[in-house]
Number of protein chains: 2
Amino acid sequence: MDLHQRLRSRGYRLTPQRELVLEAVSSLGHATPEDALGWIRERSGGVNISTVYRTLELLEELGLVKHTHLSHGAPTYHAAAAPEHVHLVCRPCGKVIELEPRVVSPLVDTLQDDVGFAADVGHLTVFGQCAECSR
Amino acid sequence: MDLHQRLRSRGYRLTPQRELVLEAVSSLGHATPEDALGWIRERSGGVNISTVYRTLELLEELGLVKHTHLSHGAPTYHAAAAPEHVHLVCRPCGKVIELEPRVVSPLVDTLQDDVGFAADVGHLTVFGQCAECSR
DNA sequence: CTACTTGCAAACTCTTTGCACCATA
DNA sequence: TATGGTGCAAAGAGTTTGCAAGTAG
């Protein structure tokens with residue numbers, strides 16, 4: 001865990017709250033700020049929701065977590081340490097499917113070559129309808 | 001304009017507010033609810049913001065507008081009559097680039113073939129960094 | 001006329017911020 | 001012990017809803 005080093009090298013401090021938030025996101029895989037808070041409450045005394053927001057922002061700045069938008073509402077965070085993946089969200093049933101970024105590499109290459117756009121694959125979410133819901 | 005027919009066939013009524021909201025979205029190309037309201041205020045007396053929300057929801061149900069998320073905050077609506085397109089959003093500068101859906105057809109086909117997922121191209125937004133910001 | 005719509009205001013959700021107190025280094 | 005961090009409460013965006021008054025058909 002290099003959380004401590006990353007924090008210290010920028011003058012930030014290591015606190016139990018910061019460890020907990022990162023652990024929550026890592027364990028949950030996908031977590032909204034509210035999800036992370038719930039996870040933390042189940043095992044320790046709890047952390048204030050505003051601290052969760054501040055910490056997620058900080059962890060993202062440090063490159064330890066990333067976020068996407070899997071629904072209309074809250075953003076969803078996941079650990080940057082997790083293998084990078086693309087999200088498919090089925091609108092009818094709400095299911096979230098993760099895929100290897102390989103499936104979008106043709107698209108990424110096209111965007112780079114045609115318009116010089118560097119796509120952020122880890123942030124990509126494709127909405128649509130899954131196989132079951134299409135029947 | 002088949003707004004009137006579409007509304008009537010489902011028992012809804014044609015009102016000046018509904019015409020204005022659809023016209024706002026069509027003219028602006030991309031519009032948040034707040035943007036649409038601003039456009040309407042510039043030419044007529046104005047419409048209440050809650051009517052804008054209700055109307056956008058209705059127009060989407062009727063298939064006349066669609067929405068995407070181009071930023072963290074408000075959703076962005078565009079007329080369904082406009083040619084379908086994919087959005088690229090440059091995070092550093094905020095610029096929005098529109099591309100023909102052709103560029104993502106390889107991806108759409110892959111998703112369909114591999115996992116049976118029917119991607120909604122009109123709703124797709126790719127975040128990343130544009131050519132200028134990459135220099 | 002009647003049912004659908006609108007405007008208004010209040011309520012709600014999600015997120016941010018100011019500030020006094022607390023804790024890491 | 002000196003900052004930086006946290007909790008709390010209040011303030012802000014964005015959005016939804018209940019209800020009385022207005023209006024399209």
Side-chain angles (χ1 to χ4, degrees), chain A residues 1-25 30-41 44-62 64-65 67-77, chain B residues 1-25 28 30-41 44-62 64-65 67-77 94:
Chain A
M1 171 87 63
D2 55 349
L3 173 60
H4 193 177
Q5 301 156 39
R6 296 222 195 186
L7 286 167
R8 295 268 64 219
S9 68
R10 304 215 198 175
Y12 298 120
R13 295 178 180 174
L14 178 64
T15 66
Q17 289 90 337
R18 289 175 176 169
E19 292 184 300
L20 282 166
V21 171
L22 179 56
E23 202 187 337
V25 171
H30 291 117
T32 62
E34 212 62 55
D35 293 338
L37 181 59
W39 188 95
I40 293 168
R41 280 198 178 133
S44 67
V47 167
N48 191 274
I49 184 68
S50 55
T51 299
V52 173
Y53 277 99
R54 285 189 280 232
T55 303
L56 287 170
E57 188 181 347
L58 176 62
L59 293 176
E60 185 150 35
E61 179 193 329
L62 296 178
L64 292 170
V65 303
H67 80 273
T68 359
H69 295 276
L70 300 184
S71 63
H72 277 199
T76 304
Y77 289 83
Chain B
M1 170 88 62
D2 56 349
L3 172 60
H4 193 175
Q5 301 156 40
R6 296 221 195 189
L7 287 167
R8 295 270 63 217
S9 69
R10 304 215 199 178
Y12 297 121
R13 295 179 181 175
L14 178 64
T15 65
Q17 288 89 338
R18 289 176 176 170
E19 292 185 300
L20 283 166
V21 171
L22 179 55
E23 202 186 336
V25 170
L28 290 170
H30 291 118
T32 61
E34 213 61 56
D35 293 337
L37 181 60
W39 187 95
I40 292 168
R41 279 197 178 132
S44 67
V47 168
N48 191 274
I49 185 68
S50 55
T51 299
V52 174
Y53 278 100
R54 285 189 280 232
T55 302
L56 287 170
E57 188 182 346
L58 176 62
L59 293 176
E60 187 151 35
E61 179 193 328
L62 296 177
L64 292 169
V65 303
H67 81 273
T68 358
H69 295 275
L70 301 184
S71 63
H72 275 200
T76 304
Y77 289 83

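For clarity, every value in this text was computed on a predicted model and none was experimentally measured. To find a chain, count down the sequence lines: A is the first, B the second, and so on, and within it residues start at 1.
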Is there a side-chain contact between A:Pro33 and A:Leu56 (heavy atoms, below 4.5 Å)? yes
C:dC4 P sits how many Å from B:Gln17 CD, rounded? 17 Å
A:Leu14 side chain reached by A:Arg8 side chain, heavy atoms, under 4.5 Å: no
For DNA chain D, note the earliest and the latest nucleotide, 5' to 3', having some atom under 4.0 Å of a heavy atom belonging to chain B. D:dG14 to D:dG25
With sequence neighbours excluded, tell me which residues meet side-chain contact (heavy atoms from CB on, under 4.5 Å) with B:Thr55. B:Arg18, B:Val21, B:Thr51, B:Leu59
Could you run through nucleotides 15-25 of chain C and give me one letter per nucleotide, 5' to 3': B if any protein heavy atom sits under 4.0 Å from the base, S if only the sugar-phosphate is that close, - if neither? SBBB----BBS
Partner of B:Tyr12 under side-chain hydrogen bond (donor to acceptor under 3.5 Å, both in side chains), picked from B:His4, B:Arg6, B:Glu61, is B:Glu61
Quick check: do B:Leu64 and B:Leu58 have side-chain heavy atoms less than 4.5 Å from each other? no
How sharply is the helix from C:dC1-D:dG25 to C:dA25-D:dT1 bent, taking the axes over five pairs at either end and rounding to 10 degrees? 40°
Rounded to the Å, how far apart are B:Leu37 CG and C:dC8 P? 12 Å
I want to check something: taking the side chain as every heavy atom from C-beta on, are B:His30 and B:Val25 in contact at a cut-off of under 4.5 Å? no
For B:Glu57, check side-chain hydrogen bond (donor to acceptor under 3.5 Å, both in side chains) against everything at least two apart and list the hits. none
Does A:Arg54 have any salt bridge (Lys or Arg N to Asp or Glu O under 4.0 Å) partners at least two apart in sequence or in another chain, and if so, which? none
If we only count heavy atoms from C-beta on, is the A:Thr76 to A:His67 side-chain gap below 4.5 Å? no
Does the side chain of B:Ile49 reach to within under 4.5 Å of the side chain of B:Glu34, using non-hydrogen atoms? yes
